[in-house]
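Here is the structure we will look at.
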Amino acid sequence: MTALLDLPRTYRCRKLTVAEGSLRTAILFERLFVLSNRHFLLSVLVLAFALSANAIDPIETSPATLEQLQTQLTQQAGEIEKLRQRLDDEGSCLVVRPDRADRSCTPGMIERVPLVTELPVEADCDSIDASSKFKTLDVYADYDRGFVMRPFDKTKSPYEVKLNGWIQFRHHAFSRHTETWTDNAGITRPVLNRNVFDIERARLTFRGFAVDPRLTYFLQLDGDTDGFHTVDFFDYWWAWQLTDRFQIQMGKRKVTASRQWLLGARRTRFIDRPMANDFFRPDRTVGIFGVGKFAQHGHYELMVGNGYRTANLPEAVSDNQFTFAATSFFDPLGDFGGQIVDFDCSSNALLRIGHSMVYSPQASNESGIPLDESDFLRLTDGTRLTQTGALAPGVTVSEFDLWLYGIDLAWKHRGWSATSEVFIRWIESLHSDGALPVDGTIQNGCYVEGGKFLVAQTLDVNLRFSYVEGDFGNGSECAAGFNWYPLSKPTVKFSFDFTQLDGSPLQNRTSDILVGDDGTLFRTQFQAEF
């Protein structure tokens, strides 16, 4: 092994990998041990030689031999000192640093080994100071619930990036029970059978911090077959951590209302969200968001943004009114976690109670024509509110005020879980180009769903009921399904469900439920994430 250290200098100055660094450190230890022993033996030999000189005639003693031995000892001591210096340089790269994200039995004890390189030189490597030969890289790559590049010292290198992704491959089939449906304006439309493979969500997310550990960022890209296979900038914002318990976010993200809407599509109990949730929930908008914590397990969000559903809408088709929203929840029995199903089979009962509120005024353009921003809102029979004739023959609604309030409840214990949310939406201050029989309307709805893990962390079954009702009709859904986790991890999931729809007022291709649907919907999905 010591022969490796005697390689020509052209090879000794090449880049050193982590594995080679460990081998070379062992070599240095071995050589240091050998030289130390040699130094000790030579010292004993000199002492013995000196003692024997007293018993020998001085004329027969050879002073030159003693000087040579002393010179050799001095050279060996110098070489040992150099080897110790190199061990200090290379050994300093092997450190143990805490990992705060580690949830193992020994949290905070994870070994990180920085990369070490030897800088190429033109002249004699040995003539260069030892400290200039090596350079430690301050950033390492790893996998921690996503691909990450992180610095060892955030204050010295204030940059970090984490990459995640997930894809939902889905098949859905719809078997109609009726051939047409008629809206409140008297227009009859067909109800079609469907049988389709599609990729519903293919997403990449980038998150981390830059410039300062308190300045974080988030970027999410989305593509699916419903969106003409184009890539969309779904969410992107900067955030500044004002205190340990409050953060300000600036950019585009979800309007802060409806618990299951804010939950995220990867963690739904069924293949997609309840029909009632999708009917009432807002969408994304650009604005300013405040995210904070209260008590021990309390969370709240506040928002002022461009609109209720203004995702990807240009300013030309949006009004000049802001939307205001707020939501909060509290876990009185302990941290509820990020999943509504009881994947971890909680030994103690967990409960989450929350509520949300939105106020969103919708204005028309200067000519009194409704803008695209207001096209999302439908009556409870599925008719668009801004469609001509929706409330009165030949009359078009152009402005209105929208209020939404929702209260939610979630519970889980020993593999069992249940979730429910109630919605009330007021549509007031209607303005139109003609007389209307009403000046407002109230819509309400609810969903209740629950399930049980038959095999812990592997197989669960679920049931759901949701409905929407109001002054102009109603619709409902009943659903049953299961999820199979083949790796006993939530990151890989195979799901199947079937839903009985009765007069859907919802138009949402993402959840495969279209307005007027009356029949049976079958969905099968494979989902994987990293």
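FYI, the numbering just counts along the sequence from 1.
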Gln260 backbone acceptor or donor facing Arg273 side chain under 3.5 Å:
yes
Hey, is [atom1] on [X] packed in by over 12 heavy atoms from elsewhere, all under 6.0 Å?
X	atom1	value
Phe498	CZ	no
Trp416	CH2	no
Arg245	CZ	yes
Asp244	CG	no
Trp240	CH2	yes
Phe246	CZ	yes

Regarding [X] and [Y], is there a side-chain donor-to-acceptor distance under 3.5 Å anywhere?
X	Y	result
Ser495	Gln525	no
Thr182	Thr188	yes
Arg145	Thr491	no
Asn348	Ser346	no

Can you pull the salt bridge (Lys or Arg N to Asp or Glu O under 4.0 Å) pairs that have at least one residue in residues 158-171, sequence neighbours excluded?
Arg150-Glu160, Arg170-Asp272, Arg170-Asp512
Ring centers of Tyr236, Phe218 separated by less than 6.0 Å
no
Any chance the rings of Phe336 and Phe329 have centres within less than 6.0 Å?
no
Do the numbers put Arg425 on top of the ring of Trp403, so that NZ or CZ is under 6.0 Å from the six-membered ring centre and no more than 45° off the axis?
no
Residues [X] and [Y] bridged, charged N to O under 4.0 Å:
X	Y	value
Glu529	Arg266	yes
Asp331	Arg352	yes
Arg259	Glu421	no

Within the 4.5 Å heavy-atom criterion, are Arg523 and His171 side-chain neighbours or not?
no
Applying side chain to side chain donor-acceptor pair (under 3.5 Å) to Arg414 and not counting sequence neighbours gives none
Check the pair Phe423, Phe279 against ring pair (Phe, Tyr, Trp, His ring centres under 6.0 Å), reporting the backbone distance first and the verdict last.
CA-CA 10 Å; Phe423 304 97; Phe279 181 79; 9.5 Å; no
Begin from the C-alpha positions of Arg189 and Glu179 and carry the test salt bridge (Lys or Arg N to Asp or Glu O under 4.0 Å) through to its verdict.
CA-CA 9 Å; Arg189 296 181 173 86; Glu179 295 183 355; over 6 Å; no
Here the pair of heavy atoms bringing Leu333 nearest to Leu351 is CD1-CB, 4.0 Å
For Arg464 and Val448, what are the C-alpha separation, side-chain angles and deciding distance, and is it a side-chain contact (heavy atoms from CB on, under 4.5 Å)?
CA-CA 6 Å; Arg464 172 197 285 166; Val448 179; over 6 Å; no
By side-chain contact (heavy atoms from CB on, under 4.5 Å), Arg284 pairs with (sequence neighbours left out) Arg203, Gln220, Phe234, Asp235, Lys252, Lys254, Trp261, Ala311
